[in-house]
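Here's the structure, in structure tokens; my notes come after.
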Amino acid sequence: MSYNIALNFEDGVTRFVSCNEGETVLDAAYRAQINLPMDCSDGVCGTCKGACHQGEFDMGEEYIDEALTDEEAEQGMVLTCQMVPSSDCVVEVPVASSMCKTGIAEVTGTVAEVNLISPTSIELKIAANDDIAFLPGQYVNIQVPGSEETRAYSFSSQPGSRELSFLIRNVPGGLMSSWLVGKARTGDEVTLAGPKGSFYLRPVERPLLMLAGGTGLAPFLAMLEHMKTSGCELPAHLIYGVTNDDDLVCLEILDRFAEELDNFSYVTCVSGEDSSHPRKGYVTQHMDEAPLDQGDVDVYLCGPPPMVDAVLGFFREQGIKPNSFHYEKFAPSAPADKEKVA
Ligand code: FES
């Protein structure tokens, strides 16, 4: 028996290691040639301190209070030299990946499909040549073929498959958009580096509010697919806002989730003045149906910076403090790593 441990580094890089039954995270990482911070490896110095809010594990009783206090342990802090997982876990490592002699992983793949699903949105499907582990909601940097540049895109497919999909805004004149629309052919090779990002689905323990702007819908598709697979029954409500009617895509997929997931609902809204959509305006104007439950809700928000800022302002003004708030801003044509800010 072994468990998948996602090591989430401070610089946004995530590396996955396999941890054997009874093995510590520190040792499992070391086997994978990842040198996590450590000094004593005996639970004495506290150098290996990280955090784990996702997964089951045993910390034993060998470590001392100076290394990890009871209060820290209650808050989810862990010592990787003592932590023995009994399920898949996500461990936050408070240093950059380069400090641990590791970095972003690269996987090659080939273009399987490029579909212009609306004038403004492209669905890209890639067949990866190797397994690529990621958490639902994370992104990769995809190199634009024929250039040195990369662009960051969230997976819209769920983890566990080499058939990867992405939802990409069709930016007129954009480097990736131009390649996808004008040149890409089935079988073309692409290189992906990742996964990255701290915008990923945490354990679902209370109602979820999902707020998507434009192609910021992509990570939610991966999350919803994961929730469906894992049999999640807690309420989840998505508000999906776009600028123009043409920008609304993947509605048939959302309809399917609404049928297949017991407590999932969604609404769409369009902000453009020319829109004929029945629900006009910005996401923040349609929060009345959202399950805010006086803050007993986990909020996930992904969209362009003005939308994210508007939603953050909305919560501030309303004085609502959700149990947790996770957000990611993106700008459709910026170089990778500048467009994704978690
Ligand atoms: Fe010293 Fe873990 S390495 S407490």
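In listed order, ligands and their atoms are each counted from 1. If you read the sequence from its start, that first residue is 1, and numbering goes on from there.
Of all the atoms in ligand 1, the ones that sit under 4.0 Å from a non-hydrogen atom of Gly43 are 4 (S). Within ligand 1, the atoms closer than 4.0 Å to a non-hydrogen atom of Asp39 are 3 (S), numbered from 1 in the order shown. Near Cys48, meaning under 4.0 Å from any of its heavy atoms, are these atoms of ligand 1: 2 (Fe), 3 (S), 4 (S). The contact set between ligand 1 and Gly46, taken as ligand atoms under 4.0 Å from a residue heavy atom, comprises 1 (Fe), 4 (S). Proximity to Ser41 (heavy-atom distance under 4.0 Å) selects the following atoms of ligand 1: 1 (Fe), 3 (S). Residue contact check: Val44 has heavy atoms under 4.0 Å from atoms 4 (S) of ligand 1. Under a 4.0 Å criterion applied to the non-hydrogen atoms of Cys81, ligand 1 contributes the atoms 2 (Fe), 3 (S), 4 (S).
At a heavy-atom cutoff of 4.0 Å, ligand 1 is contacted by both the backbone and the side chain of Cys45.
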Asp88 vs Asn4, side chain to side chain donor-acceptor pair (under 3.5 Å): CA-CA, chis, key distance, verdict: CA-CA 5 Å; Asp88 294 347; Asn4 274 326; 4.5 Å; no
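In this structure, Phe134 has its ring center closer than 6.0 angstrom to the ring center of Phe155.
Ionic pairing of Arg256 and Glu259 is not present here: no N-O contact between side-chain nitrogen and carboxylate oxygen is shorter than 4.0 angstrom. Salt-bridge formation is detected for the pair Arg162/Asp131: a Lys NZ or Arg NE/NH1/NH2 atom is positioned less than 4.0 Å from an Asp or Glu carboxylate oxygen.
Distance check for Cys40 against atom 1 (Fe) of ligand 1: an N/O/S atom falls below 2.8 Å.
The structure places CG of Asp130 at 11.5 Å from CD of Glu106, a figure rounded to the nearest 0.5 Å.
Taking the six-membered ring for Trp and thresholds of 30 and 60 degrees, Phe264 and Phe257 have ring planes more than 60 degrees apart, a perpendicular arrangement.
Within the cation-pi definition used here (under 6.0 Å to the ring centroid, within 45° of the axis), Arg151 does not qualify as a partner of Tyr153.
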